[in-house]
4 protein chains.
Amino acid sequence: MNTNQTPKKKPGRPKITTENNITREQILKTAAHLFMAYGYEKVSMEQVAEASDVTKASVYYYFKNKATLFTVSVSSMFQRITKQTEKLLQNSKGLKHRLYEVTLDHLKRPHIDFETLLQEATSSLTEGHIHEIREAEKAIHEALENVFKQAANSGEIVVASPRLLAHTFSTVTMIRNKKELITELGGPEKTAQALVDLFWVGISPN
Amino acid sequence: MNTNQTPKKKPGRPKITTENNITREQILKTAAHLFMAYGYEKVSMEQVAEASDVTKASVYYYFKNKATLFTVSVSSMFQRITKQTEKLLQNSKGLKHRLYEVTLDHLKRPHIDFETLLQEATSSLTEGHIHEIREAEKAIHEALENVFKQAANSGEIVVASPRLLAHTFSTVTMIRNKKELITELGGPEKTAQALVDLFWVGISPN
Amino acid sequence: MNTNQTPKKKPGRPKITTENNITREQILKTAAHLFMAYGYEKVSMEQVAEASDVTKASVYYYFKNKATLFTVSVSSMFQRITKQTEKLLQNSKGLKHRLYEVTLDHLKRPHIDFETLLQEATSSLTEGHIHEIREAEKAIHEALENVFKQAANSGEIVVASPRLLAHTFSTVTMIRNKKELITELGGPEKTAQALVDLFWVGISPN
Amino acid sequence: MNTNQTPKKKPGRPKITTENNITREQILKTAAHLFMAYGYEKVSMEQVAEASDVTKASVYYYFKNKATLFTVSVSSMFQRITKQTEKLLQNSKGLKHRLYEVTLDHLKRPHIDFETLLQEATSSLTEGHIHEIREAEKAIHEALENVFKQAANSGEIVVASPRLLAHTFSTVTMIRNKKELITELGGPEKTAQALVDLFWVGISPN
DNA sequence: AATGAATGAGTGTTCATTCAT
DNA sequence: AATGAATGAACACTCATTCAT
């Protein structure tokens with residue numbers, strides 16, 4: 001995969017993307033971690049730099065300001081999560097089981113919520129930044145939405161608004177922050193199961 | 001003999017009682033608004049002071065630091081919300097309708113989420129502060145939980161864990177932040193209706 | 001001494017100095033203690049008030065500002081020390097023994113040095129304040145100086161400048177701050193003895 | 001292979017070596033002057049910055065907080081004084097004359113006393129800081145102590161505790177603050193002479 | 001005589017950002 | 001590509017002081 005590792009040599013001087021990417025990627029990953037863990041304001045560029053083992057000035061070499069760094073790092077993380085979610089949604093088991101797996105996956109992430117993060121950062125970001133992040137976020141919801149639509153079409157579920165369902169479902173995983181509750185319910189697996197059950201049959205005694 | 005011991009007449013200017021301490025109340029209300037709107041870090045004591053039409057030092061006269069101001073103001077707001085929620089839950093209409101009203105009430109609040117807020121502020125608060133807020137928050141969930149329990153006992157609904165249901169229900173109202181979605185669904189009333197329906201019957205085709 | 005204690009009644013309504021003095025005196029004493037222990041800047045009016053069990057405003061009722069409070073409280077303390085020093089100097093034992101007792105007395109005081117204190121406070125005090133304190137301080141030196149003069153006249157000691165001797169002697173007791181050294185020398189008594197010996201015979205071998 | 005491991009060429013702007021780091025040195029010197037003149041609390045970081053012709057933030061770039069700046073600047077000054085004192089003590093003249101020169105040198109310094117300063121700053125410093133300063137201070141005393149020891153061995157003087165003598169001698173120069181007295185005695189030279197004489201022969205008539 | 005309320009001016013410290021190297 | 005130096009603007013918090021009660 002790495003341009004340096006593959007023996008097939010391109011003509012001309014290769015772009016020095018390799019080393020760049022190592023540093024840049026390192027910063028991005030570190031930043032995402034930190035932002036997720038502590039929020040936007042609480043994380044300083046200095047912290048990001050230190051944790052990335054470079055200097056503050058280096059961070060500015062790659063990202064023109066904090067808002068940009070935030071936007072890029074969070075968007076990338078969204079993309080990774082989207083991929084993971086899609087993978088979980090695309091196996092052949094029944095929808096209910098797939099939902100359970102997605103729920104469990106989200107419950108186990110140790111991070112702050114995206115909504116949280118975004119709300120907090122909003123006043124520091126430009127319209128463009130917010131848009132970029134929202135787009136990245138949308139991908140996750142769309143993945144869920146599509147699955148719900150298909151399931152609705154095939155009669156596997158009945159749902160008024162697949163979109164609302166997707167959002168609701170996604171939002172609910174914020175419950176992961178309430179550790180006490182999860183413990184009380186017997187751990188993440190049980191909690192995930194209970195949540196999916198709740199969504200599945202509702203509360204009406206019919 | 002000593003004036004201190006005998007409560008004859010207290011020397012000095014009499015203290016303004018908490019209820020009609022207009023300045024303090026003003027600060028509290030303003031602070032709650034600001035924290036809800038912009039988060040913990042983004043709101044400066046100066047801002048609170050200015051918006052309350054007093055000086056920064058006055059804010060410090062009433063609240064010994066930012067964490068305390070935050071705790072007190074947020075807790076007070078929780079109490080107000082709890083009261084309102086309880087009122088809505090205690091009328092005589094069917095549970096579904098009551099849930100609809102609570103949902104609608106929450107959807108209409110223009111604020112950041114408590115969870116969000118708390119997560120962000122956490123690292124600046126002491127254990128005691130967090131505890132205080134959590135206690136205030138718990139009241140809301142308990143109000144919901146009790147209603148669910150009663151409804152379960154009377155056979156009005158079927159529910160595995162009233163607690164999880166309460167939390168989930170409460171969390172879901174965070175969807176209020178997604179204004180686009182609400183618009184798309186036809187406004188808060190329709191959205192509230194759709195959410196309650198979702199909870200009510202679930203998604204299984206049974 | 002106290003007007004209230006002596007049965008001899010003055011005609012007319014007595015000045016309400018009694019209660020005043022109790023509070024005022026309390027503040028003065030507390031302030032002196034605090035200033036001696038922590039220096040001028042480090043002690044806040046709030047601290048003085050709290051430690052005196054009154055409010056800040058009360059302190060201002062008796063003393064128009066911090067500089068004044070400092071001046072009065074420190075001067076009073078000087079007077080107390082002067083009295084004590086004079087008492088020790090006026091008994092009938094030999095001069096050397098009396099010096100030993102004064103030295104020991106000073107070594108045992110747990111306070112910051114006056115010089116220290118004054119130097120630090122200087123920039124916050126007016127000329128008048130400084131003068132007042134210096135006058136109070138002078139009394140101590142004069143007590144010593146007079147004793148030295150008498151001893152010189154009676155041939156008990158030989159001294160070029162009694163004044164320099166008084167200052168030097170007084171300054172030397174600042175060694176009390178070097179607790180390690182005092183311990184090493186075997187405690188305050190031994191240290192006092194060694195110091196007096198040093199002054200007594202000097203270091204010349206003759 | 002890795003540029004980081006092989007010391008081929010360090011990336012980025014080369015660091016200015018400590019010796020010719022003019023800014024840092026400037027700050028240190030200014031800070032020492034100010035602290036000596038006005039004490040710890042009275043000197044603000046802003047003042048130091050202004051007097052050093054840099055911004056406050058620059059001061060923080062070099063010293064992580066006020067306590068550290070204080071410690072470093074005072075320690076450096078101690079080192080300079082130690083050097084000077086050692087130089088004066090190591091010439092070939094008689095001990096009495098050398099003591100005179102050291103005394104005169106100290107009397108002429110226009111500063112606050114170290115003890116004073118340290119006492120005042122103590123509550124703001126960490127154990128480590130205090131230790132560092134004390135170590136630097138010790139050097140001066142040791143220089144004196146060693147000279148006294150040698151003189152005692154060679155029979156030039158008779159002294160019970162060279163250490164106490166060193167401390168006492170050093171403490172006595174605090175008299176420099178009493179400008180009136182020095183004037184009265186006919187200037188620093190005469191005062192220095194009188195002090196050394198006092199130490200030399202003591203006050204006993206024998 | 002004594003106090004609660006309120007404030008202006010400062011203090012130490014942090015941080016995103018820029019710039020020359 | 002990466003860094004050390006430097007800064008402006010902000011921030012939480014403190015404190016001496018005033019004033020009406």
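In this text the structure is predicted, and so the values were computed from the model without any measurement. Naming convention: chains lettered A, B, ... in sequence-line order (proteins, then strands); numbering from 1 in each chain.
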Q: Heavy atoms under 4.0 Å is the rule here; annotate nucleotides 15-21 of chain F 5' to 3' with B where the base is hit, S where only the sugar-phosphate is, and - elsewhere.
A: BBBB-BB
Q: Is the D:Phe35 ring parallel, tilted or perpendicular to the D:Tyr40 ring (thresholds 30°, 60°)?
A: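 Parallel, since the angle between the ring planes stays under 30°.
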Q: Considering just the side-chain nitrogens and oxygens of A:Thr23, establish if one lies under 4.0 Å of OP1 or OP2 belonging to F:dA2.
A: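 For A:Thr23, the contact criterion (side-chain N or O under 4.0 Å from OP1 or OP2 of F:dA2) is met.
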Q: Nearest to the side chain of B:Tyr61, which nucleotide is it out of F:dA5, E:dT7, E:dA5?
A: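 Nearest nucleotide to the side chain: E:dA5.
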Q: Would you kindly give the CG-to-P distance between D:Leu69 and E:dT13, to the nearest whole Å?
A: 10 Å
Q: Distance from B:Gln119 atom CD to A:Leu117 atom CG, nearest 0.5 Å?
A: 10.5 Å
Q: Using whole Å, what does the distance between atom C1' of nucleotide F:dT3 and atom CD of A:Glu50 come to?
A: 15 Å
Q: Please report the distance, rounded to the nearest Å, between CZ in B:Phe63 and C1' in E:dA5.
A: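 Rounding to the nearest Å, CZ of B:Phe63 and C1' of E:dA5 are 14 Å apart.
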Q: Between B:Val48 and B:Leu34, which heavy-atom pair has the shortest distance, and what is it?
A: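 B:Val48 and B:Leu34 have their closest heavy atoms at CA-CD1, 3.8 Å.
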Q: Nearest whole Å is fine: how far is E:dT7 C1' from B:Asp53 CG?
A: 14 Å
Q: Paired with F:dT21 by Watson-Crick or G-U wobble geometry, both distances under 3.5 Å: which nucleotide is it?
A: E:dA2
Q: With heavy-atom distances below 4.5 Å as the criterion, would you say the side chains of D:Met45 and D:Leu69 are in contact?
A: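 D:Met45 vs D:Leu69: side chains touch.
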Q: Please tell me if A:Thr55 has a side-chain N or O lying less than 4.0 Å from either OP1 or OP2 of F:dA2.
A: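 For A:Thr55, the contact criterion (side-chain N or O under 4.0 Å from OP1 or OP2 of F:dA2) is not met.
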Q: Between C1' on F:dA12 and CG on B:Leu125, what's the gap in Å once rounded to a whole number?
A: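 Spelled out: CG on B:Leu125 to C1' on F:dA12 is 14 Å.
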Q: May I ask you to say whether A:Lys42 pairs ionically with B:Glu120, meaning some side-chain N is under 4.0 Å from a carboxylate O?
A: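 No salt bridge links A:Lys42 with B:Glu120.
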Q: My understanding is that only one of D:His131, D:Lys66, D:Glu132 makes a side chain to side chain contact (heavy atoms under 4.5 Å, CB included) with D:Thr71; could you say which?
A: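 So, applying the side chain to side chain contact (heavy atoms under 4.5 Å, CB included) to D:Thr71 and each of D:His131, D:Lys66, D:Glu132, only D:Glu132 qualifies.
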